[in-house]
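In what follows, a single structure is set out as structure tokens and then discussed.
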Amino acid sequence: MERRRTATVNTETGGTTGKRNPLLLAALALVVCAAGWGGWQRYEASHDDAASFAQARDDALAAGEQAVQNMNTLDHKALERGLDSWEQSTTGDLHRQLVDGRDDFARQIAEAKTVSTAKVLSGAVTELDQRAGRAGVMVALRVTVTAPEGEPAVKESRLLGTLTRTAGGWKLSALGQAPVGSTGG
């Protein structure tokens, strides 16, 4: 006589008794482990200080480059908009100097009828203190100044800027020429 193996139904739990499928258990264990590992990786990535610092550096650099470009771009035909851009790009003493000297500067540019445009060639963050909300940037620019007569004047320069984090983002609080050093001894 041939014996058949049958599973019996457990009426209390509604399941079957007998052997469990080892492949199913292994697959279930792998799914649980993968979910746990993925969750841990997402947690680590969201709490990574290096990633946070890199993002702050990138934000400061982008704001610094844009602010330096704004400060070197001005068209006498759109003077108010250009000067507004200067003021929106700055904070602190630099901002106060621009506001206090705005009328005189606007008059000089209107009389000269010049157009200056700046293009960022490269930029770098020279320092970053996230806690203090300060950053330093060096930006290389090509500035073209066009007067009503004559050929446009093109000048490349390197500027050092100090940025301060404000409620409106990073803004220039100081701007000046980068010193030019010699390579000779």
Side-chain angles (χ1 to χ4, degrees), residues 45-184:
S46 68
H47 292 85
D48 185 5
D49 288 342
S52 172
F53 185 82
Q55 184 62 53
R57 182 195 60 225
D58 292 348
D59 292 346
L61 179 59
E65 286 177 343
Q66 185 63 59
V68 171
Q69 182 176 341
N70 291 351
M71 295 295 296
N72 286 276
T73 299
L74 192 60
D75 184 341
H76 73 94
K77 292 177 256 170
L79 197 52
E80 291 303 314
R81 185 175 65 221
L83 294 174
D84 288 346
S85 174
W86 286 16
E87 290 178 15
Q88 292 164 4
S89 299
T90 59
T91 190
D93 289 339
L94 179 58
H95 180 78
R96 281 188 288 284
Q97 290 170 5
L98 292 173
V99 170
D100 292 346
R102 182 176 176 133
D103 293 339
D104 290 336
F105 194 75
R107 188 175 57 256
Q108 291 171 3
I109 296 300
E111 288 172 7
K113 296 184 179 167
T114 57
V115 175
S116 62
T117 56
K119 179 183 179 194
V120 173
L121 302 175
S122 65
V125 173
T126 58
E127 62 181 300
L128 176 60
D129 184 342
Q130 287 181 274
R131 289 184 183 192
R134 288 185 195 257
V137 293
M138 179 182 280
V139 179
L141 288 175
R142 178 177 296 130
V143 179
T144 304
V145 179
T146 306
E149 296 179 15
E151 293 295 312
V154 179
K155 179 182 176 185
E156 291 184 1
S157 62
R158 291 180 308 170
L159 299 171
L160 290 174
T162 301
L163 299 169
T164 302
R165 189 175 48 231
T166 69
W170 291 101
K171 297 193 183 236
L172 275 175
S173 51
L175 184 63
Q177 284 292 133
V180 178
S182 68
T183 58

Can you tell whether the side chains of E80 and R102 come within less than 4.0 Å, N to carboxylate O? yes
Output for pair (Q66 CD, S85 OG), nearest 0.5 Å, gives 7.5 Å
Looking only at heavy atoms, the pair that brings L74 and W86 closest together is CD2-CZ2, 3.7 Å
Distance col, row L94:CG vs T91:OG1, nearest 0.5 angstrom, shows 9.0 Å
Rounding to 0.5 Å, atoms CD (E65) and CG (L141) come to a distance of 9.0 Å
Check ion pair R96-D93 (N to O, under 4.0 angstrom): yes
Between V145 and S116 the two heavy atoms that sit nearest each other are CG2-CB, 4.0 Å
Quick check against the 3.5 Å criterion: does R142 have a side-chain atom that pairs as donor or acceptor with the backbone of T117?
no
dist Q88:CD -> K171:NZ (nearest 0.5 Å) comes out at 7.0 Å
Output for pair (T144 OG1, E156 CD), nearest 0.5 Å, gives 9.0 Å
Exercise. Would you check if there is a donor-acceptor pair between the side chains of Q108 and D104 at a distance under 3.5 Å?
Key: no
Using atom types as modelled and distance alone, determine if a side-chain donor or acceptor of T90 lies under 3.5 Å from a backbone N or O of E87. yes
